Amino acid sequence: MKEIILLKYGEIALKGLNKSTFESIMIKNIKYRLKKIGKFSVTKAQSTVYVEPDEEISDLSETVDVLKKIFGIASICRVCVCEKDFSDICTQSLEYLEDILSYAKTFKVTAKRADKSFPMKSPEICNQLGGVLLEKFPNLQVDVKNPEVTVTVEIRDTNAYVHAENIKGAGGLPVGSSGNALLLLSGGIDSPVAGYMMAKRGIHISAIHYVSPPYTSERARLKVEQLCEKMTDYCGNIAFFCVPFTEIQEAIKNNCPEEYFTVIMRRIMMEIAQRIAEKDDCLALITGESVGQVASQTLSAIACTDAVSRIPVFRPLIGMDKTEIVEISRKIDTFDISTLPYEDCCTVFTPKHPKVRPALSDVEKAQAQFDFEPLIQKAVEDTEMKIFYV
Ligand code: ATP
Ligand code: MG
């Protein structure tokens with residue numbers, strides 16, 4: 001008995017003339033990720049990707065776990081490969097489905113005939129295979145409306161395939177199909193989730209992080225690197241830029257009115273991010289902001305931050321509650337790292353009473369009290385880069 005995996009597309013299937021570009025990016029991503037766990041042949045036919053283990057890989061669970069994190073895949077089916085012959089389909093099904101059908105109470109059979117030349121029509125396949133399974137497993141009853149197990153037979157061009165489970169894929173579009181963007185990555189809960197959400201839309205992300213030693217520790221930086229590493233599961237390889245931010249923060253503290261400290265800091269973060277984005281071919285920035293979460297995320301504060309940006313800033317969490325964000329961070333396994341207790345540079349020198357509704361003209365005036373340009377240039381020059389690989 002031979003088991004392989006079939007992957008079904010979601011949105012890519014609707015892409016018309018561009019479909020093959022999306023398909024090839026997704027297949028490239030799949031091959032790259034699977035290289036780590038063994039040898040596979042990965043091919044496509046009829047809007048389906050076939051993943052066949054070349055070597056004797058007896059358990060495909062690890063393969064499925066990797067595939068579940070690849071964007072562009074709508075569903076994952078472990079299937080048994082049969083001859084295009086009804087009696088082989090029956091024999092193989094009895095063996096392949098034995099475990100699952102021995103314990104189920106209800107089932108139904110569905111059939112998909114991509115190869116219309118197959119001599120039996122779909123209803124006939126369902127009836128006859130259903131009969132064979134009922135005879136072998138007396139514990140079973142047919143329930144077409146709400147079955148515990150749905151046995152699917154797919155008649156395709158070279159073979160027939162039988163399966164009984166449909167595992168949900170990560171959905172979205174293949175990473176790399178929508179260009180590059182730069183994620184402002186803090187050590188918090190929100191920004192890794194924001195990166196995940198944009199990667200899901202096919203964006204290949206790089207990450208930028210600001211550190212203020214000695215106010216922020218080496219451990220805080222390592223925490224963010226750990227987050228980056230974890231994010232590669234979904235996002236692919238990530239270029240990580242670490243910006244020395246101490247001098248800038250000290251200059252803001254010593255030269256600008258305290259109540260504008262945070263908003264000026266965020267404007268300078270944006271300015272630096274844009275310059276790095278330009279060098280790294282990123283067409284947009286991504287942040288983990290959500291309206292009203294803190295003083296720097298009121299509409300007025302966001303407007304003041306946005307005023308310095310020359311490229312689009314994506315804030316995929318803008319309308320989400322913290323509980324919804326936490327739910328995703330648990331799903332993508334960044335929550336436990338994010339909640340480690342190290343400080344972020346945003347919490348260094350925070351004013352007691354930040355302006356909740358800063359006016360842009362006041363912020364500009366406050367910022368103009370010091371010439372930040374030389375420090376900004378220096379921070380960009382001194383930025384360190386390293387790459388985290390899948
Ligand atoms: P997070 O949970 O992502 O840290 P937050 O709710 O703590 O977000 P802020 O600290 O105001 O909110 O940060 C808002 C956004 O600014 C973050 O989501 C992130 O995109 C960016 N950011 C904050 N601090 C840093 C940092 N040290 N380096 C890079 N980006 C940062
Ligand atoms: Mg934060």
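As the structure lists them, so they are numbered: ligands from 1, and atoms in each ligand from 1. Sequential numbering from 1 along the given sequence is applied to the chain's residues. Fair warning: this is a prediction, and the values are worked out from it, not measured in the lab. Just the heavy atoms: all of them, side chains too, but no hydrogens, waters or symmetry mates, feed the values below.
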Asker: Which option, Cys346, Ala220, Gly188, Gly195, owns the non-hydrogen atom nearest atom 23 (C) of ligand 1?
Answerer: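 Ranked by closest heavy atom to atom 23 (C) of ligand 1, first place is Cys346.
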
Asker: Looking at Ile125, is its backbone amide N or carbonyl O close enough to the side chain of Gln128 to form a donor-acceptor pair, meaning the two atoms are under 3.5 Å apart?
Answerer: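 It does not hold such a pair.
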
Asker: Purely on distance, is any nitrogen or oxygen of Ile189 under 3.5 Å from one on ligand 1?
Answerer: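 Min N/O separation from ligand 1 is below 3.5 Å for Ile189.
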
Asker: How would you list all residue pairs meeting side-chain hydrogen bond (donor to acceptor under 3.5 Å, both in side chains) that involve residues 197-216, not counting sequence neighbours?
Answerer: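 Residue pairs with at least one partner in residues 197-216: Glu11-Arg201, Ser206-Asp280, Ser212-Gln249, Tyr215-Glu250.
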
Asker: Whether Lys15 engages the ring of Phe22 as a cation-pi pair (distance to the six-membered ring centre under 6.0 angstrom, angle to the ring normal within 45°) should be assessed.
Answerer: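 Yes, a cation-pi geometry holds between Lys15 and Phe22.
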
Asker: Taking all non-hydrogen atoms of both residues, which atom of Ala277 and which atom of Leu285 are closest, and how far apart?
Answerer: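 Residues Ala277 and Leu285, closest heavy atoms: CB-CD2, 4.1 Å.
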
Asker: Return the option from Asp190, Thr287, Ile272 holding the heavy atom at the smallest distance from atom 2 (O) of ligand 1.
Answerer: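 Looking at heavy atoms only, Asp190 sits closest to atom 2 (O) of ligand 1.
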
Asker: Can you sort out which atoms of ligand 1 are near Met269, meaning under 4.0 Å from one of its heavy atoms?
Answerer: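 Here the atoms of ligand 1 in question are 24 (N), 25 (C), 26 (C).
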
Asker: Run down the list Glu289, Gln297, His209 and name the one with the heavy atom closest to atom 9 (P) of ligand 1.
Answerer: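 Nearest heavy atom to atom 9 (P) of ligand 1 lies in Gln297.
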
Asker: N/O to N/O below 3.5 Å, does that happen between Gly187 and ligand 1?
Answerer: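 No.
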
Asker: Taking only residues two or more places apart in sequence, or in another chain, which ones meet Thr150 in a side-chain hydrogen bond (donor to acceptor under 3.5 Å, both in side chains)?
Answerer: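 side-chain hydrogen bond (donor to acceptor under 3.5 Å, both in side chains) list for Thr150, sorted by chain: empty.
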
Asker: So, does Lys223 use its side chain to make a donor-acceptor pair with the main chain of Gly187 at under 3.5 Å?
Answerer: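 Such a contact is found between Lys223 side chain and Gly187 backbone.
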
Asker: Distance under 4.0 Å to a non-hydrogen atom of Cys345: what atoms of ligand 1 satisfy this?
Answerer: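 It comes down to these atoms of ligand 1: 27 (N).
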
Asker: With heavy atoms only and a cut-off of under 4.0 Å, state how Val211 meets ligand 1: side chain, backbone, both or neither.
Answerer: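 It is neither; nothing of Val211 touches ligand 1.
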
Asker: My understanding is that we take every heavy atom of each candidate and find the minimum distance to atom 18 (O) of ligand 1. Doing that for Ala207, Gly288, Ala273, Ser290, which one comes out nearest?
Answerer: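 Nearest heavy atom to atom 18 (O) of ligand 1 lies in Gly288.
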
Asker: Purely on distance, is any nitrogen or oxygen of Leu184 under 3.5 Å from one on ligand 1?
Answerer: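 Between Leu184 and ligand 1 (N or O atoms, distance only) the closest approach is under 3.5 Å.
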
Asker: Is a side-chain donor or acceptor of Ser338 paired with a backbone partner of Thr334 at a separation under 3.5 angstrom?
Answerer: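 Looks like yes, one N/O pair under 3.5 Å.
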
Asker: If the cut-off is 4.0 Å to any non-hydrogen atom of Ile208, which atoms of ligand 1 fall inside it?
Answerer: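 Reading through ligand 1 atom by atom, the close ones are 29 (C).
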
Asker: When you measure from atom 1 (P) of ligand 1 to each heavy atom in Ser186, Ser329, Ser338, Ala194, which option holds the nearest one?
Answerer: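 Going through Ser186, Ser329, Ser338, Ala194 one by one, Ser186 has the nearest heavy atom to atom 1 (P) of ligand 1.
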
Asker: Got a donor-acceptor contact below 3.5 angstrom from the Thr383 side chain to the Ala379 backbone?
Answerer: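 Checked: pair present.
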
